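Structure, as C-alpha cells:
Keep in mind that what you see is a predicted model, and the values were worked out from it rather than measured.
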Amino acid sequence: MQTQQKNNRLNRRNFIKTTSLGLGVGTLVPTWSSPSLAESKNPSSKLNIAHVGIAHQGAYSVQGCATENQIALCDVDESYLEAAKRDRPSAKLYTNFRDMLDELGDKLDAIVVATPDHTHAAIAIAGMKMGLHCYCEKPLAHDLYQIRQMRKVALEKNLCTQMGTQIHANDNYRRVVELIQSGAIGRVNDVKIWCQNRYVGVAKPATEKECPANLNWDAWLGPAKERKYDSRLVPGSWRFYWEFGNGAMGDMGCHYMDLPYWALQLDKTSPISVETTAPRPADPEICGYDLTSRYVFPSLDGGAPLTLSWQDGHARPEELVKYGVQNFGAGVLFFGTEGVLFANYDVHKLFPEEKYADFKAPAQTIPASLGHHAEWIDAIKRGLGASENSTTCRFEYSGKIAETVLLGCFAYRCGKKLEYDAETMTATNCPEASQYFKQYSRPGWEV
C-alpha cells in the first residue's frame, strides 16, 4: 500500500512538472525572472498544498498561495479552522499535522509551515521526507541542529524550499544589493542593524485557567517539555519565552540580516565569534530584550574581517544621529571604505550626501520578483528542486542566516562570547552551548 501511494505521488508530481514544461517555460533562467505558471488558468498545473498554521502570519501564506489547490488546512486552534472553512469550503481540516500527512500525503505536492518556531522543524521535515516541497516561516527552526537537518533533507529529496523572509522580494533590497556589489561605498568592513521591537515576557501566574476547548494543547506543545496549559504563550506571546521563541532577534533578525547576507555573500562563510550583551530578566525562561550582538566574519577577499552587529528594543547604534536616521524604527547601516549606505525595507540612502549628490546608480541587474510565494510555486512547477536557480531564499541560503540569528540568542543565554566552528557546529570555548545548539525534544518529536 505504501509503495502504491509513493508511486501515485511521484506520478502526480512528474505530471505537474511535464505539464508545466509543456506550457513553454524554460529552465535556463532564474526562477524569479520568468512568468509564473501560477498565472496559468490550466487547472492541471495547480499544486496541491497543505497549510499548517493558518492564522496571523499563516493567514498571509494562505493568501499568498491562493492560486493553487489548498486541499488541507491544519491548525491547533479549531476556531481558526472554522473561519477558514468559509473561504475554502473544499479544504479538509485538521488539528494535528500527522493525521493530515497520513491521510493526504499521497495527494500533496507541497507544505507551508507557519506555526510557532519550536514546531517548525518537526512539521517541515515530516513533510519533506514524504517528498513535499516546503515553505517555512523564519527563523526556520528553533536550534542549529534542526536547521542543519532541514537543509539536509531538502537536498537529499531535491526539494524546492523557501523561508518566509518576504521582504526579500521587494525591489528596494535588490537596489541595495546592486549598490554594494558595484562598489558604490567601497569595501564594506562593518554593518550595524537595529530593530525597535521589544518583547518583554511576564512571570507565570500563580493560578491558571483551563485550556480552551478549541485548542489542541498537546499538538501546540509539540517537542517542548510537557506542561499544563499556559495562557501567556497563546496566541502569539510564545515569542517572549526561550522554550518556544527567541525574542525580537529570533522574530525579526532574519528579515534584516538577509540584506547584508545577500549583498556581501555571507552565506559563503559563517561567523567565527559572537558576543551578546543585555539586561537579564529575573525569570530565566523569559527571552532577553534590548540585546546588542556583535559578530565577526572572516574575510572573503583576504582583507580585514567583517564585523556585524544587531541591536533591538531600546539598544541603538550611536551613529544614527550622525546620519539623520534616528527616527527610523529599524534599518541597516553599511560602512565602506568610500562611504556609508543606509537601508530599511522601503528606502535607501548614501552618505556623505554631498559626495553622492550626482551619483548615478548602477544598472539594475537583479530582476523583479514574482512574489515570495509565487517564486516558490513557480520553482516547483519548473522542477528546479534544490538547485541554486530554484528560489532566492532556499534553505541552503536562508538556513545560514537563521543559524547566525540563533547564535546571537545562544551567546546571550551562555553569558559569554562564543568562538564558533561552523563545520563541527560547536562553540570551541564554551561546551555548555551545545545544550542550545541541539535542544531537548519530547519523545516522538525528534528530527
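Between the side chains of H348 and Y173, no donor-acceptor pair of N or O atoms lies under 3.5 Å. Side chains of E137 and Q166: a donor-acceptor N/O pair is present below 3.5 angstrom, by distance only. For the 3.5 Å distance criterion, the side chains of R316 and Q311 fail to qualify, holding no donor opposite an acceptor. Inspection of the S61 and H51 side chains reveals no N or O donor paired with an N or O acceptor under 3.5 Å. One side chain, N69 or N48, offers a donor N or O that lies under 3.5 Å from an acceptor on the other. Side-chain contact check for N389 and S387: no donor-acceptor pair (N or O, by modelled atom type) lies under 3.5 Å. With no hydrogens or angles considered, a side-chain donor-acceptor pair links E375 and T392 at under 3.5 Å. One side chain, H373 or Y135, offers a donor N or O that lies under 3.5 Å from an acceptor on the other. Using modelled atom types, one finds no donor on one side chain facing an acceptor on the other under 3.5 Å when comparing H133 with D109. There is a side-chain donor-acceptor pair under 3.5 Å between Y199 and D251.
Between I125 and Q149, the closest side-chain pair of non-hydrogen atoms falls below 4.5 Å. Proximity of I366 to V177: side-chain heavy atoms (C-beta onward) are separated by under 4.5 Å at one or more points. Under the 4.5 Å side-chain criterion, counting only non-hydrogen atoms from C-beta, L333 is in contact with L320. Put simply, the side chain of I185 does not reach to within 4.5 Å of the side chain of L179, judged on heavy atoms. Side-chain atoms of E319 and F335, non-hydrogen and from C-beta on, do get closer than 4.5 Å to each other. At least one side-chain heavy atom of D267 sits less than 4.5 Å from a side-chain heavy atom of Q265. Two residues are said to be in side-chain contact when any heavy atoms from C-beta on lie closer than 4.5 Å; C74 and M100 meet this criterion.
With a 6.0 Å cutoff to the six-membered ring centre and a 45° limit on the axis angle, R98 counts as a cation-pi contact of W445. No cation-pi contact links R239 to F244, judged by a cut-off of 6.0 Å to the six-membered ring centre and 45° from its axis. Cation-pi geometry between R280 and Y412 is met: under 6.0 angstrom from the ring centre, within 45 degrees of the axis.
C136 pairs in a side-chain contact (heavy atoms from CB on, under 4.5 Å) with only one of the listed residues (M128, M150, Q162), which is M150. Just one residue in the list F334, F351, F342, F328 forms a ring-ring contact (aromatic ring centres under 6.0 Å, His included) with Y323, and that residue is F351. Considering T404, N429, L407 in turn, L407 is the only one that fulfils the side-chain contact (heavy atoms from CB on, under 4.5 Å) rule with Y420. Of the options V340, L308, L264, a side-chain contact (heavy atoms from CB on, under 4.5 Å) to V188 is made by L264 and by none of the others.
In this structure, F297 and Y295 have tilted ring planes: the angle between them lies in the 30° to 60° band. Aromatic ring orientation, H142 versus H118: perpendicular (interplanar angle above 60°, classes split at 30° and 60°). Ring geometry for W310 against Y256 counts as tilted: the plane angle lies between 30° and 60°, on a 0 to 90° scale. Taking the six-membered ring where the residue is Trp, H372 and H168 present tilted rings, their angle falling between 30° and 60°.
At distances below 3.5 Å, not a single donor-acceptor pair connects side-chain atoms of R198 with backbone N or O atoms of Y289. Within the 3.5 Å criterion, the main-chain N or O of Q196 finds no donor-acceptor partner in the side chain of D312. Remark: the backbone N or O of C393 is paired with a side-chain donor or acceptor of S398 at under 3.5 angstrom. Put simply, the side chain of Q70 gets close to the backbone of V62: a donor and an acceptor are under 3.5 Å apart. Under a 3.5 Å cut-off, the side chain of R413 and the backbone N or O of Y436 do not form any donor-acceptor pair. Remark: the backbone N or O of T428 is not paired with any side-chain donor or acceptor of T426 at under 3.5 angstrom. Using a distance-only test at 3.5 Å, with no hydrogens or angles considered, a donor-acceptor pair links the side chain of T276 to the main chain of G408. No donor-acceptor distance shorter than 3.5 angstrom exists from the side chain of N246 to the backbone of C409, with no hydrogens or angles considered. N189 places no side-chain N or O within donor-acceptor distance of the main-chain N or O of T337, the cut-off being under 3.5 Å. One N or O on the side chain of E446 and one on the backbone of G444 form a donor-acceptor pair closer than 3.5 Å.
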Between T269 and L300, does the side chain to side chain contact (heavy atoms under 4.5 Å, CB included) criterion hold? Intermediate values first, please.
CA-CA 8 Å; T269 184; L300 288 174; 4.0 Å; yes
Salt bridge (charged side-chain N to carboxylate O under 4.0 Å, His left out) assessment of K381 paired with E68
CA-CA 11 Å; K381 293 178 178 181; E68 307 308 300; 3.1 Å; yes
Before you tell me yes or no, could you show the steps for V191 and T307 under side chain to side chain contact (heavy atoms under 4.5 Å, CB included), namely the whole-Å CA-CA distance, both residues' side-chain angles and the distance that decides it to 0.1 Å?
CA-CA 6 Å; V191 179; T307 58; over 6 Å; no
Trace of the side-chain hydrogen bond (donor to acceptor under 3.5 Å, both in side chains) decision for D143 with Y440
CA-CA 10 Å; D143 66 34; Y440 169 84; over 6 Å; no
Could you go through E403 and K400, starting from their C-alpha distance and side-chain angles, then the distance that decides it, and tell me whether this counts as salt bridge (charged side-chain N to carboxylate O under 4.0 Å, His left out)?
CA-CA 5 Å; E403 185 169 309; K400 294 177 181 179; over 6 Å; no
I would like to know whether K360 and D358 meet salt bridge (charged side-chain N to carboxylate O under 4.0 Å, His left out); could you show each step before the answer?
CA-CA 6 Å; K360 183 179 180 181; D358 299 319; over 6 Å; no
Is there a salt bridge (charged side-chain N to carboxylate O under 4.0 Å, His left out) between K152 and E396 once you walk through the steps?
CA-CA 9 Å; K152 178 175 180 285; E396 272 301 283; over 6 Å; no
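Classification of R187 and E338 as a salt-bridged pair fails, no side-chain N sitting under 4.0 Å from a carboxylate O. Salt-bridge annotation for E243 and R227: present, with a side-chain N of the basic residue lying under 4.0 Å from a carboxylate O of the acidic one.
Note that OG1 of T277 is 6.5 Å distant from CD of E275, once rounded to the nearest 0.5 Å.
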